[in-house]
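In what follows, a single structure is set out as structure tokens and then discussed.
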Amino acid sequence: MKQLVLASGNPGKVREIHQLLAEIDLNVVPQSEFGVAEAEETGLTFVENAILKARNAALHTGLPAIADDSGIEVDALNGAPGIYSARYAGAGASDRANLEKLLADLAGVTEARRTARFQCLMVCLRHAHDPTPLICQGTWEGRILFSPRGENGFGYDPVFHVPTHDCSSAELPPEVKNALSHRGQALRKLLDALRSMK
């Protein structure tokens, strides 16, 4: 497996995954370079959506595919936005609109009750009909800040407080974020699995 297609068009996610994959001898190409349209995320869980995306990319390119589905779960909101993180403020919503909706929904919620976590489910399919995809999960615990801080990252990073570093995820340098994050955790597990297959 020398070439993989990455089933994502999210520029922030593509950049992060490329940085994390730099250490392994794999050519990872975003699906946009093959003209593959985004898969419809009709699953009810992160893992279902990740498999749908990877299967779509593998089907249209004939290549092995990796995909992730990730989002933020807020305890005070019963786990929302969860799988709807990217479209929390509606279909096609911007990062800023999603972030503002989250802060509005948490208005009046005390600091102690603002616990949250980023989840990432990453999958690899060897081919479009692979019945046993590799599935790896990463979880990053923190809490939701009262206002955005920092310029790095994307999505909910500006409001996600990282307790180990006492700052927002968006205030971390990319290499530090990649070492800690849900996506970094899941991808390192996936890399270990891919190395054992080579």
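Between R183 and C120, some side-chain heavy-atom pair lies under the 4.5 Å cut-off. Proximity of V5 to Q31: side-chain heavy atoms (C-beta onward) are separated by under 4.5 Å at one or more points. In this structure, P81 and N98 have side chains that are not in contact, with every pair of non-hydrogen atoms separated by 4.5 Å or more. The shortest side-chain heavy-atom distance between D166 and H161 falls under the 4.5 Å cut-off. In this structure, the side chains of Q3 and V29 come closer than 4.5 Å at one or more pairs of heavy atoms. You'll find the side chain of F146 stays beyond 4.5 Å of the side chain of L103, heavy atoms only. Side-chain contact between Y156 and S169 is absent, with no heavy-atom pair separated by less than 4.5 Å. No side-chain heavy atom of M122 sits under 4.5 Å from any side-chain heavy atom of K189.
A cation-pi arrangement, defined by a distance under 6.0 Å to the six-membered ring centre and an angle within 45 degrees of its axis, is absent between R117 and F160.
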> For L190 and C124, what are the C-alpha separation, side-chain angles and deciding distance, and is it a side-chain contact (heavy atoms from CB on, under 4.5 Å)?
Replying inline: CA-CA 8 Å; L190 187 66; C124 179; 3.8 Å; yes
>> Working note: H182 + T139, criterion side-chain contact (heavy atoms from CB on, under 4.5 Å); need CA distance, chi angles, decisive distance, verdict.
In response: CA-CA 5 Å; H182 54 309; T139 303; 5.8 Å; no
>> For V162 and L172: C-alpha separation, side-chain torsions, deciding distance, then whether side-chain contact (heavy atoms from CB on, under 4.5 Å) applies.
In response: CA-CA 9 Å; V162 181; L172 293 171; 4.0 Å; yes
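E151 CD: 12 or fewer foreign heavy atoms inside a 6.0 Å radius.
The shortest non-hydrogen separation linking D95 to G155 is OD2-N, 2.9 Å. Here the shortest heavy-atom pairing between L145 and P158 reads CD1-O, 3.8 Å. When all heavy atoms of E141 and P163 are compared, the closest pair comes out as O-CD, 3.7 Å.
Salt bridge R55/D130: absent, no basic N to carboxylate O contact under 4.0 Å.
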Indicate every side-chain donor-acceptor pair of residues 82-93 with a distance under 3.5 Å to a residue at least two apart or in another chain.
from, atom 1, to, atom 2, distance (Å)
S85, OG, I72, N, 2.9
S85, OG, G82, O, 2.6
Y88, OH, D105, OD2, 2.6

Listing, residues 46-54 side-chain donor-acceptor contacts under 3.5 Å, not counting sequence neighbours, or none:
from, atom 1, to, atom 2, distance (Å)
E48, OE1, L44, N, 2.7
E48, OE1, T45, N, 3.0
E48, OE1, T45, OG1, 3.2
N49, OD1, G43, N, 2.8
N49, ND2, D69, OD2, 3.4
K53, NZ, D68, O, 2.8
K53, NZ, D69, OD1, 3.1

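When hydrophobic clusters are built by joining Ile, Leu, Val, Met, Phe, Trp and Tyr residues whose side-chain heavy atoms come closer than 4.5 Å, directly or via intermediates, V36 is not grouped with L125. No path of Ile, Leu, Val, Met, Phe, Trp and Tyr side chains, each step under 4.5 Å between heavy atoms, connects L63 with L134, placing them in separate hydrophobic clusters. In the hydrophobic cluster analysis, where Ile, Leu, Val, Met, Phe, Trp and Tyr join through side-chain heavy atoms closer than 4.5 angstrom, V123 is grouped apart from L59.
With hydrogens and angles ignored, the 3.5 Å screen pairs a side-chain donor or acceptor of E171 with a backbone N or O of S168. In this structure, R149 contributes its side chain and V159 its backbone to no donor-acceptor pair below 3.5 Å. No donor-acceptor distance shorter than 3.5 angstrom exists from the side chain of R114 to the backbone of V74, with no hydrogens or angles considered. A donor-acceptor distance shorter than 3.5 angstrom exists from the side chain of Q185 to the backbone of L180, with no hydrogens or angles considered. No side-chain donor-acceptor contact under 3.5 Å links D157 to the backbone of G150. No donor-acceptor pair closer than 3.5 Å links the side chain of H165 to the backbone N or O of C167. With hydrogens and angles ignored, the 3.5 Å screen pairs no side-chain donor or acceptor of N178 with any backbone N or O of G184.
With I144 as reference, L106 is the one residue of L77, L106, D75 to meet the side-chain contact (heavy atoms from CB on, under 4.5 Å) rule.
Put simply, CG on L187 and CG on D192 are 10.0 Å apart, with the number rounded to the nearest 0.5 Å.
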